[in-house]
Amino acid sequence: MADAVRTPHRQPVEIAGLSHHFVVGGAEVPALDRIDLTIEPGEFVTLAGPSGCGKTTLLRLLAGFMRPSEGTVSVAGEPVRGPSEERGVVFQQATLFPWLSVRRNVELGLRLRKVDKAEREERTRQHLELVGLTDFADHRPYELSGGMQQRCQIARVLANDPDIVLMDEPFGALDALTRERLQEELLEIWRATGKTVLFITHSVDEAVFLGSRVLVMSPRPGRIVLDESAVLTENGERAAPDHLRALPRFVELREAVREAIVAGQQPA
Amino acid sequence: MADAVRTPHRQPVEIAGLSHHFVVGGAEVPALDRIDLTIEPGEFVTLAGPSGCGKTTLLRLLAGFMRPSEGTVSVAGEPVRGPSEERGVVFQQATLFPWLSVRRNVELGLRLRKVDKAEREERTRQHLELVGLTDFADHRPYELSGGMQQRCQIARVLANDPDIVLMDEPFGALDALTRERLQEELLEIWRATGKTVLFITHSVDEAVFLGSRVLVMSPRPGRIVLDESAVLTENGERAAPDHLRALPRFVELREAVREAIVAGQQPA
Amino acid sequence: VESGRESTTAADSDCPFEPDESIETTARIAWQPIPNGDLVVKDLGLLEACMPNAKIEWVQAASGGDVVEYYGGGDVDLGLMGSSPATIASSEPKVRDVDLAVVWIHDVIGDAESLVVKDENVTEISQLKGGKIAVPFSSTAHYSLLQALIEEGIDPNKDVKIINLAPEKMPGAWQGDQIDAAWVWDPTQSQLLDDGGTRILSSEDTAEAGRPTFDLGTVDRTFAAENEEFMTMWAKLQDHAVKMIADDPDAAAESVAVVLGIEPDAARAQFEGLTYLTAEEQAGQDYLGGKLAEDMLTTAKFLLDQGGITKVGTPEEYAEHVDAGPARRASE
Amino acid sequence: MTDTSVDTGAGTTAGGRAPQPTGGNGAAALERRAKRAQRLRRLGLHTASLVGLILVWWLVTRLELVRPLYLPSPGAVWDAFVTANTDHPVSEGSDRIVRGEQNYYLWEHLVASLQRIAIGVAAGVVVGVPLGLLMGTTWLGVLLEPYLNFVRSLPPLAYVGLLIAWFGIGDTSKIWLLFLAAFPPIAVATISGVKGVREDQVNAVLTLGASRRQTLTTVVLPSTLPEVLTGLRVGVGFAWTTVVAAEIDNGIPGIGGLAYLAGGQLRTDLVIACIIVIGFAAIALDLGLKYLERALVPWRGKA
Amino acid sequence: MTDTSVDTGAGTTAGGRAPQPTGGNGAAALERRAKRAQRLRRLGLHTASLVGLILVWWLVTRLELVRPLYLPSPGAVWDAFVTANTDHPVSEGSDRIVRGEQNYYLWEHLVASLQRIAIGVAAGVVVGVPLGLLMGTTWLGVLLEPYLNFVRSLPPLAYVGLLIAWFGIGDTSKIWLLFLAAFPPIAVATISGVKGVREDQVNAVLTLGASRRQTLTTVVLPSTLPEVLTGLRVGVGFAWTTVVAAEIDNGIPGIGGLAYLAGGQLRTDLVIACIIVIGFAAIALDLGLKYLERALVPWRGKA
Ligand SMILES: Nc1ncnc2c1ncn2[C@@H]1O[C@H](COP(=O)(O)OP(=O)(O)OP(=O)(O)O)[C@@H](O)[C@H]1O
Ligand SMILES: Nc1ncnc2c1ncn2[C@@H]1O[C@H](COP(=O)(O)OP(=O)(O)OP(=O)(O)O)[C@@H](O)[C@H]1O
Ligand SMILES: [Mg+2]
Ligand SMILES: [Mg+2]
């Protein structure tokens, strides 16, 4: 428990026959409909889809915040029974703790796991720097701007070094420049550590740019309508970001994703 | 008071020598530095800038939620003393009322102003439809997805028909398609009613596409570093959306905005 | 649920005298749960039976102090209280707030209140030096205890520790060895005696030493002046009850038992510790007719010393607050 | 957070265990069934613990660990309870029949006290909530807060005399006392709730054109509701604790007055019967308030 | 929401009026100065209202609208207060000098009661907060809730006899009574606070690897803190209201015991002096708790 960087497990995330509905005023509101999905360890899965189609619901089921109405979710062969430190979550609405300073929020996971002080401070410093909040380390979350809160949350999850990172529109509140920088940092971390990532985004471009695999969901009830590998290679290597967007496959995939989203939204 | 559609005032929003700082733990944190700005009635002003540069702070000062440390904000010649129904606000983090259903949230302003029932219901229906929440009218806000909450908030503000609309990244949590649709609806409403709009966004494209005037702020302390008219005309008419993005002036302006944001972020 | 429901089964009892239908007074009477004629009158509904056109309201009070407060608020016209509160109410400055007169002696306290000690080797009050004695403060028992101590030359502030304790809490403290003695009345007194206590002194003894304590019937002086006939009838019925306690103790005990919510036998046993005086006795020199005012003066002097009052009135002032009239008229 | 499985975070499906897949079976019905099962389980739990407690009590008295004078046996208390609710002879064999205790059945004593409490607490809500809102939102708070704190810390036994002097020995003074007990926690909770209202929710409603009064009713009040209800529950509890003090003087009928009289006569069995009746009545009342809470504030912990 | 200007929504600059532009002058210093001015204004307000109140009181007694038995004049109460704090002759002209009242000065009575309250309330926090957390987060809540409601509605006067039988007539039984008064509101408030903890904050800390216990201490407890503190304030208030009941028996020294004895002797001036001392002590204590609240929960209304 006390070592901060752990070797990630080599087992997939398996979702089988997953359906979920909410009960609102006695009536059932379907959110997910019979989803089967296996995420291999080390994959960077991006998930797009129209607003309200069930992306967050899927992520919360994976995280173990809720139990599915039907079907199963398991990680490394074990059914998910609740939240766990191996599955870090960046929430769509930042859930920072107002009673802790920004620094304390970021180092919380390390503290909880009793990582020793020197390492804790080093990792916290690193991650505050990563998201550009070094100067705001002693502020309280409610003294930050919306984008800064979101960045703080990202730092908190990454500092805790989970095997699986579940991110719900993490870069939605960021300006283009910060967003690009963080996208690259995230890719960097992913490449270095081999983490499994599920990344929800509204930006088709971002989905295709970041993902090693791109999923699109259709709304009401949520089904996966597109599932494409997106490992874009250039001369057998993963393409450099600058070149990536110019690849014909990139443009092609982006078009496919956009169309899937539009198609999914049509009947609604 | 009781007529829902009012003729907008014909007076500008004037900001003179506006500075603001926050006091955090006894120390002053500057957020805005001597901003002078006049927004003419009927302008659609978009505001971009790096995360944490003070966009929301400026908006909150305009809304009257806070008093500036220095300088003045006035609307139609009157200094702003507090929030008012003539300045509608779409918050960065949705502030819906969980004790009211979606419908009730949307019609709240009309209820408060005692607009008569038939008109109230009609306007509510219209705006629920506008943001695509007709089917969720009887849900509670916490039963909505993040993007749906944001849409509900937009409907709430627009249904109330304020003269001045202050929007803080209203479309940040929306998928591309919904976003495009709402962008056009917003432009439509703007053109039809001649409202004054201040629109904060992270998307450079969105800023240039929507704005009749584009502002860029630099961070810490926030100053306005770019202020360009963006009324893009084609044969003397406002350009149609499809053509707009192809105009050389559009591409040029987008580049200028991007550079201004990058330049502003450099020293930080 | 409305208040004011009186005994249902005994209310139809007959008036022992000729009912007086001319009396149409409204009288509000404060009573306390003390086993004497007042409870018999209340239980049997004698006032109601003998004055069918009068309106009688019974108001329960927890202590004499409460009764004085009721008077002050104009809430009652008659009331039962111990001799200490009656004296306080007849002294400056309280007399300005409540102008009442003592018109009846419901009972003279004898063995009903006594000093019960835990250690059976203790036979003299002086042996309690350094011990703890429990007593309900501001009560007749408190007064008797202090009198008895001072009589023996024991300083109540230094030589013993006197503890304010409500009677119902004494058995617990007694059982836990937290008190050495208690001056208290029934049913706690009997309980302590059952628990191995010994009675070494009682109010009977203090009375013999010239410091008697009473439960007194009082009346608002204005009310008494305006309702002479009512007062006479009231006194006659009290007299009737006193005689009933003497002549038919079982019936009287039953009434007392109903009001107190205890067994008639227990009620009957409690009669033993109190002396009940007929109207004739009361009207005489020894009581309302003379000596009671002196007793009140003695009490007042004592209370002054204890900080209970700030000023002792003149003998005439106390005499003014004793009215033997109703008792005298009743005995005729 | 939901009621039972709060800290597992699995808040949506009640009960904490994942329901098995059930094919086409309506899941809302499933949920209803799960809820019923849970309710039954709860009832069982409560019954079991109650029975256990009575058993311990019975044993303690049976083994004479405590004197009956302080803690009578369950049987004796039950007898006192029954006697107090029936017409019964004053003593065995006597033909004088008395009605309950002090001429009222025990339940009548209870009803009398309940009436007083209901009026006192109702007045406490009517005064406490608006006062709390006012004090939480205006300068009146600064002015009145010390007085509120003054009033809410006064021991009833110290000032009940004053109330009797001002309002007589009838029900009015008793209701005043119960009111003075119930209203401060309600007011304090309201004030505290007002302080917790999110600034931006107030801002939001102001930009929608709400007047000062409308802000209070449409935002401050609903968002304060959870704390007001907690305050109400505490206030009702407090009114119960005050019922004996209120009924010491001329408190018949009244369960507090009866308990006081019985105590003075060392009738511990009746005192304990009164205590238990008070306790159960309070539990029932509180249960009602909790249902009210659940119905009125479904969004707690969610937004 | 801030303290004074809550419903204008202009929460950032205290006082509600916009400060004038001030050139280069440090704005933090400016803010400090504004705060001091505000504090002074407040003090003035309170003094004025207090003086006004005493004046009304004086007039009421002067015009003899109320009998001195119930409401003595301010002068008489002041005399009683002074007498109770000094060595004085037992009566005018007597040469026997007594110390204060019942051989203790009034302030000694106050200190004795304060000690009991401090211990009782401290125990209430130590028991009430963990119990509340437990009851709010586990099935223990379902089991214990009725018992909690039972206990918190019992009138002290009805069961103080039992406490005395079990814990003697010394301080132990009094502290128990004060504890039983203070702990239920604290526990109830804690439970209610736990129910208001945002689900996703719990989820968040669980995904960071918190154990059950760590979730309690790092999220549930801090987020419940505002309500716990409200509960604490209500609990302390209750303890004060119970101090007379606790000190009826063998309660000297003790301000409640003194008030009770003085009441029995119909010395209303001393009773009112005691009441006022209790009230002021309670206000002072509550002020301290409010400062604590402000220091511990700066985020209220913001997140
Ligand atoms: N707690 C809830 N109670 C009831 N219905 C809910 C709840 N949470 C979500 N839903 C419903 O489930 C559906 C899917 O919601 P979800 O949050 O998963 O959407 P999403 O894909 O994340 O959308 P967005 O991109 O807008 O965040 C929506 O129709 C929503 O109304
Ligand atoms: N309540 C507050 N207390 C203290 N500092 C604050 C507060 N609100 C904002 N700030 C600070 O003011 C600066 C500007 O914040 P603001 O919210 O205006 O940024 P923004 O431009 O809206 O950023 P974003 O795009 O991330 O929302 C930031 O440095 C922030 O830390
Ligand atoms: Mg979502
Ligand atoms: Mg912002």
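All chains are named by letter (A, B, ...) in the order of the sequence lines, taking the proteins before the strands, and each is independently numbered beginning at 1. Any value given below was found using the heavy atoms of this structure, including those in side chains, with hydrogens, waters and symmetry copies removed. Please read these numbers as outputs of a predicted model, since none were measured by experiment.
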Can you measure from [atom1] ([X]) to [atom2] ([Y]) and round to the nearest 0.5 angstrom?
X: A:W99; Y: E:L225; atom1: CH2; atom2: CG; result: 9.5 Å
X: E:Q201; Y: A:F91; atom1: CD; atom2: CZ; result: 9.5 Å
X: E:T215; Y: A:L112; atom1: OG1; atom2: CG; result: 8.0 Å

Can you establish whether the number of heavy atoms outside A:R179 located under 6.0 Å from its atom CZ is more than 12?
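Atom CZ in A:R179 is packed in, count exceeds 12.
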Are there over 12 heavy-atom neighbours, none belonging to E:F280, within less than 6.0 Å of that residue's CZ?
no
At a heavy-atom separation under 4.5 Å, does E:S211 approach chain A through its side chain, its backbone, both, or neither?
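It is neither, since no heavy atom gets under 4.5 Å.
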Under a 4.5 Å heavy-atom cut-off, does chain E meet the side chain of A:R87, its backbone, both or neither?
backbone
Could you check which of A:V157, A:L96, A:T95, A:V90 has the highest count of heavy-atom pairs closer than 4.5 Å to chain E?
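Result: the option with the highest number of such pairs is A:T95.
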Quick check for you: among A:Q153, A:R60, A:R111, which has the greatest number of heavy-atom pairs under 4.5 Å with chain E?
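Top count of heavy-atom pairs under 4.5 Å with chain E: A:R60.
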Only pairs of heavy atoms separated by less than 4.5 Å count here; which of E:V205, E:V219, E:L208 has the most with chain A?
E:L208
Which one of E:T218, E:V297, E:T207 has the most heavy-atom pairs closer than 4.5 Å to chain A?
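Of the options given, most contacts go to E:T207.
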Show the nearest heavy-atom pair for residues E:G209 and A:E85, with the distance to one decimal.
CA-CB, 3.3 Å
